[in-house]
Amino acid sequence: MRVDSAHRRIAALPEEVFRAFRDPGLLAAWLPPEGMHAHLEQFDLRAGGGFRSVLTYETHDAPGKYSAHTDVTETKILEMDAPHKIVWSVRFPSEDPSFAGTMFMEWTFEAVLSDDPEQTPGSQVHADLGTLVTVQAKDVPPGIDAAEHVAGLESSLRKLAALFEHRAR
């Protein structure tokens with residue numbers, strides 16, 4: 001089973017980062033990778049709810065998986081354990097079977113006290129509070145290139161971190 005993953009330390013408490021997953025405007029701002037913008041439809045951002053996202057490429061040189069310049073995802077929120085974990089199932093409606101299917105994404109939020117990658121979570125050595133956000137995507141449709149998908153996950157995490165950059169020292 002293929003697993004694509006990415007992680008990033010964000011300069012905010014887990015509760016603050018978690019809010020960016022529960023606010024439709026914030027979610028639409030950071031979730032699409034660079035080069036795309038999102039319109040969320042039918043959103044109910046709680047366990048048992050979900051959302052439909054229409055992702056549009058900002059340039060026309062990248063083909064969409066749903067139509068000429070768009071990707072569509074239908075996301076169900078399977079688990080929401082604030083502020084620790086969110087699990088989504090993400091269905092890709094596509095006529096191309098290599099892009100169609102359901103992927104599972106698990107987002108975890110771990111409080112950390114330093115941006116030092118060697119820092120042990122929970123240690124009292126440093127006073128810089130933050131959150132290590134990790135995303136793991138499982139059962140990724142085979143038509144989605146692994147390296148491009150990881151780059152997209154990293155791009156989304158950069159955009160999520162940017163929401164909180166004004167507070168960093």
Side-chain angles (χ1 to χ4, degrees), residues 1-34 36-55 71-93 101-141 144 146 149-168:
M1 171 178 61
R2 175 175 147 193
V3 178
D4 296 342
S5 63
H7 66 275
R8 185 175 183 101
R9 184 194 181 279
I10 297 179
L13 296 173
E15 294 81 4
E16 296 168 310
V17 176
F18 201 85
R19 271 188 234 122
F21 284 75
R22 296 183 76 165
D23 178 304
L26 292 176
L27 190 62
W30 71 262
L31 186 58
E34 292 296 329
M36 301 186 90
H37 65 269
H39 173 72
L40 297 186
E41 300 175 343
Q42 309 161 2
F43 50 86
D44 180 5
L45 302 176
R46 62 174 178 81
F51 57 93
R52 183 174 193 266
S53 181
V54 178
L55 301 159
D71 292 348
V72 171
T73 62
E74 296 169 353
T75 301
K76 291 188 180 174
I77 303 171
L78 304 177
E79 181 180 346
M80 186 173 279
D81 177 18
H84 309 288
K85 180 168 77 168
I86 298 174
V87 179
W88 294 341
S89 68
V90 182
R91 188 174 85 78
F92 299 95
T102 301
M103 169 178 73
F104 295 88
M105 298 182 78
E106 179 176 294
W107 301 82
T108 58
F109 311 87
E110 180 181 4
V112 292
L113 297 175
S114 171
D115 59 359
D116 179 351
E118 301 302 314
Q119 174 68 38
T120 303
S123 166
Q124 297 300 315
V125 175
H126 299 284
D128 294 334
L129 295 176
T131 302
L132 178 64
V133 177
T134 302
V135 57
Q136 289 193 327
K138 300 174 183 172
D139 296 335
V140 180
I144 298 175
H149 191 227
V150 169
L153 294 172
E154 291 171 346
S155 172
S156 294
L157 288 174
R158 277 191 305 276
K159 290 171 70 177
L160 177 60
L163 294 176
F164 302 96
E165 282 181 352
H166 67 281
R167 299 166 22 145

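Note that the structure is predicted; figures quoted are calculated from it, not measured.
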request  = Quick one: list whatever passes side-chain contact (heavy atoms from CB on, under 4.5 Å) with Ala151, sequence neighbours left out.
outcome  = none
inquiry  = Can you tell me if Lys76 has over 12 outside heavy atoms packed within less than 6.0 Å of its NZ?
reply    = no
query = Excluding sequence neighbours, so at least two apart, what forms side-chain contact (heavy atoms from CB on, under 4.5 Å) with Pro141?
reply = Phe92, Met103, Ile144
query = Who pairs with Lys85 by salt bridge (Lys or Arg N to Asp or Glu O under 4.0 Å), at least two apart in sequence or on another chain?
reply = Glu79
request  = Using salt bridge (Lys or Arg N to Asp or Glu O under 4.0 Å) as the criterion, list what pairs up with Arg2, not counting sequence neighbours.
outcome  = Asp4
task = Check whether any side-chain heavy atom of Leu157 sits under 4.5 Å from a side-chain heavy atom of Trp107, and report yes or no.
result = yes
request  = Search all heavy atoms of Gln136 against all heavy atoms of Ser5 and return the closest pair with its distance.
outcome  = CG-CB, 3.9 Å
task = Kindly compute the distance separating OG1 (Thr108) from CD1 (Ile86), expressed to the nearest 0.5 Å.
result = 10.5 Å
remark   = Heavy atoms of Phe109 and Pro14 approach each other most closely as CB-CB, 4.4 Å
side-chain hydrogen bond (donor to acceptor under 3.5 Å, both in side chains) partners of Gln42, counting only residues at least two apart = none
ask   = Which value, rounded to the nearest 0.5 Å, describes the distance between Leu26 atom CG and Arg19 atom CZ?
value = 10.0 Å
inquiry  = What I'd like to find out is whether the side chain of Glu16 reaches to under 4.5 Å of the side chain of Pro83, using heavy atoms alone.
reply    = no
inquiry  = My understanding is that only residues two or more places apart in sequence, or in another chain, count here; which of them pass side-chain contact (heavy atoms from CB on, under 4.5 Å) with Ser53?
reply    = Ala38, Leu40, Phe51, Leu55, Thr73
Check: Trp30 side chain, Ala20 main-chain N or O, donor-acceptor pair, under 3.5 Å = yes
request  = Find the distance between OG1 (Thr131) and CZ (Arg9) and round it off to the nearest 0.5 Å.
outcome  = 8.0 Å
request  = With sequence neighbours excluded, tell me which residues meet salt bridge (Lys or Arg N to Asp or Glu O under 4.0 Å) with Arg8.
outcome  = none
task = Can you sort out the partners of His39 under side-chain contact (heavy atoms from CB on, under 4.5 Å), two or more places apart, ordered by chain and number?
result = Glu41
query = Does Glu34 offer a backbone N or O that forms a donor-acceptor pair with the side chain of Ser155 under 3.5 Å?
reply = yes
Partners meeting ring pair (Phe, Tyr, Trp, His ring centres under 6.0 Å) with Phe43 (sequence neighbours left out) = none
query = About how many Å separate OG1 of Thr134 and CD of Glu106, when rounded to the nearest 0.5 Å?
reply = 9.5 Å
ask   = Do Thr75 and Met105 pass the side chain to side chain contact (heavy atoms under 4.5 Å, CB included) test, and can you show the C-alpha distance, the side-chain angles, and the key distance before you say yes or no?
value = CA-CA 10 Å; Thr75 301; Met105 298 182 78; over 6 Å; no
note = Across all chains, not counting sequence neighbours, the side-chain hydrogen bond (donor to acceptor under 3.5 Å, both in side chains) partners of Glu15 are none
key: Reported CD-to-CG distance for the pair Glu165 and Leu160, which is rounded to 0.5 angstrom   = 10.5 Å
task = Side-chain contact test, heavy atoms from C-beta onward, threshold under 4.5 Å: evaluate it for Val90 versus Thr102 and give yes or no.
result = no
ask   = Parallel under 30°, tilted from 30 to 60°, perpendicular over 60°: which one fits the rings of Phe21 and Trp88?
value = tilted
query = Heavy atoms, side chains only, cut-off 4.5 Å: are Pro93 and Arg91 in contact?
reply = yes
remark   = For Arg22 and Ala82, the nearest pair of non-hydrogen atoms, with its separation, is NH1-CB, 4.3 Å
remark   = Residue set satisfying side-chain hydrogen bond (donor to acceptor under 3.5 Å, both in side chains) with Asp44, at least two apart, ordered chain then number -> Arg46
